[in-house]
Number of protein chains: 2
Amino acid sequence: MPDATLDSLDQAILRRLQVDCRAIAESIGAQIGLSAAAVQRRIKRLRETGVITKEVAVVDPKAVGVNMSFVVSVEMERERIEVIEAFRKQVLDDPAVQQCYYVTGSADFVLMVVCRDMAEFEAFTRRAFFDNGEVRHFTTSVVMDRMKVGLTVPLNGG
Amino acid sequence: MPDATLDSLDQAILRRLQVDCRAIAESIGAQIGLSAAAVQRRIKRLRETGVITKEVAVVDPKAVGVNMSFVVSVEMERERIEVIEAFRKQVLDDPAVQQCYYVTGSADFVLMVVCRDMAEFEAFTRRAFFDNGEVRHFTTSVVMDRMKVGLTVPLNGG
DNA sequence: CTTGAAAATTTCCCCCT
DNA sequence: AGGGGGAAATTTTCAAG
């Protein structure tokens with residue numbers, strides 16, 4: 001987890017892989033002046049050192065009937081560790097919760113929730129909030145446009 | 001973008017690929033009772049039909065020195081199409097903006113912003129908000145814990 | 001869809017700097 | 001330590017049943 005000292009070549013590789021992890025090593029190597037083997041070696045190291053945490057397929061929600069997204073701010077009754085932990089476990093297990101952040105400010109959590117329709121979202125709010133005595137209040141924003149969606153991390157010159 | 005009618009096998013493949021797109025076809029096939037070739041053919045089709053939009057490496061922000069995340073709500077002066085479009089182009093080009101959603105409610109946009117440190121975030125707010133006459137107000141929540149971060153879409157029984 | 005062969009890609013070993 | 005080149009192993013792609 002400590003910084004594995006990435007040189008500019010590693011960064012160039014990551015920039016490429018963040019956009020398309022199926023890019024072949026030879027193509028990446030041609031772009032940055034390295035052999036395919038050298039690129040592979042670096043990629044392997046980036047995986048092993050945890051710089052690359054995972055490689056995933058991004059599925060278009062619309063294509064699988066998941067047509068709605070919501071940004072939900074949640075305020076808890078008490079900001080106790082036990083309450084936080086319980087909430088964490090709950091959202092980790094809930095497929096509707098794409099992302100969950102514990103934040104400063106008036107809200108305690110901000111969630112990205114994805115659902116097929118409004119009915120499904122209401123079912124989510126019930127099981128996640130109303131059935132949870134520790135939730136004081138939550139505010140829902142309906143997403144009208146997913147302008148930019150990604151997990152890309154900025155890499156010097158990216 | 002029409003629904004490509006995904007059967008339960010396609011869904012099972014997607015469930016796997018959403019977590020690890022380097023899973024080998026033979027392994028997936030063994031799990032769902034299909035040959036490697038059949039799995040490959042389905043994956044190819046899922047890519048071509050746009051169900052799988054891309055396959056990306058997820059980089060640990062901390063590992064590359066990006067230590068802070070922010071949830072920023074933005075309110076514009078006027079909710080005109082031109083203003084919206086201009087803002088879209090701006091955030092698309094900005095590497096610090098990981099995600100941007102156009103939403104209902106008191107805020108117009110919700111952004112996920114990632115930076116190396118507070119100074120970088122302040123530089124971001126200046127170029128994105130203060131130098132933009134159309135931004136009326138913005139609210140920043142500092143992320144203390146990225147409890148759950150992903151783009152995973154729920155697939156019946158996921 | 002499956003089997004079996006061909007093509008492509010990744011992985012490993014050794015030598016080099 | 002880190003890179004290059006080539007061989008071996010794995011995986012994907014293609015053709016035929």
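Every heavy atom of this structure was used, including side-chain atoms; hydrogens, water molecules and symmetry mates were not. Letters go in sequence order (proteins before strands), and every chain restarts at 1. No experiment lies behind these values; they were computed from the predicted model shown.
Residue Arg127(A) qualifies as enclosed at atom CZ: its count of foreign heavy atoms under 6.0 Å is above 12. Atom CD of Glu26(B) has 12 or fewer heavy atoms from other residues, nucleotides or ligands within 6.0 Å. In Glu48(A), the CD atom is crowded: over 12 heavy atoms of neighbouring residues, nucleotides or ligands sit closer than 6.0 Å.
When each of Phe138(B), Phe87(B), Phe129(B) is paired with Phe109(B), the ring pair (Phe, Tyr, Trp, His ring centres under 6.0 Å) condition holds for Phe87(B) and for no other.
One can place CZ of Arg42(B) at 17 Å from C1' of dT12(D), the figure rounded to the nearest angstrom. Leu34(B) has its CG atom 10 Å from the P atom of dT3(C), to the nearest Å. Regarding Ile43(A), its CD1 atom lies at a distance of 16 Å from the C1' atom of dC12(C), rounded to whole Å. Separating the CD atom of Glu26(B) from the P atom of dT2(C) is a distance of 12 Å, rounded to the nearest angstrom. The separation between Ile24(B) atom CD1 and dT10(D) atom C1' is 8 Å, rounded to whole Å. Taking atom CD1 of Ile28(A) as the reference point, atom P of dT11(C) lies 12 Å away to the nearest angstrom. As rounded to whole Å, 15 Å separates atom P of dT11(C) from atom CZ of Arg45(A). Leu9(A) places its CG atom 14 Å from the C1' atom of dG4(D), with the value rounded to the nearest Å.
Here Arg80(B) does not pair with Glu134(B) in a salt bridge; the nearest charged N to carboxylate O distance is not below 4.0 Å.
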Give me, pair by pair, the N or O atoms of the protein and of nucleotides 13-17 of chain D that are less than 3.5 Å apart, along with how far apart they are.
residue, atom, partner, partner atom, Å
dT13(D), OP2, Gln40(B), OE1, 3.3

Contacts under 3.5 angstrom, residues 141-154 of chain A side chains, donor-acceptor by atom type, not counting sequence neighbours:
residue, atom, partner, partner atom, Å
Ser141(A), OG, Thr104(B), O, 3.4
Asp145(A), OD2, Arg88(B), NH2, 2.2
Arg146(A), NH1, Ser69(A), OG, 3.3
Lys148(A), NZ, Val91(B), O, 2.8
Lys148(A), NZ, Leu92(B), O, 3.2
Lys148(A), NZ, Asp94(B), O, 3.0
Lys148(A), NZ, Val97(B), O, 2.9

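Distance from the side chain of Arg41(B) is smallest for dC1(C) among the nucleotides dG4(D), dC1(C), dT12(D). Side chain of Ala38(B), nearest nucleotide from dC1(C), dT10(C), dT12(D): dC1(C).
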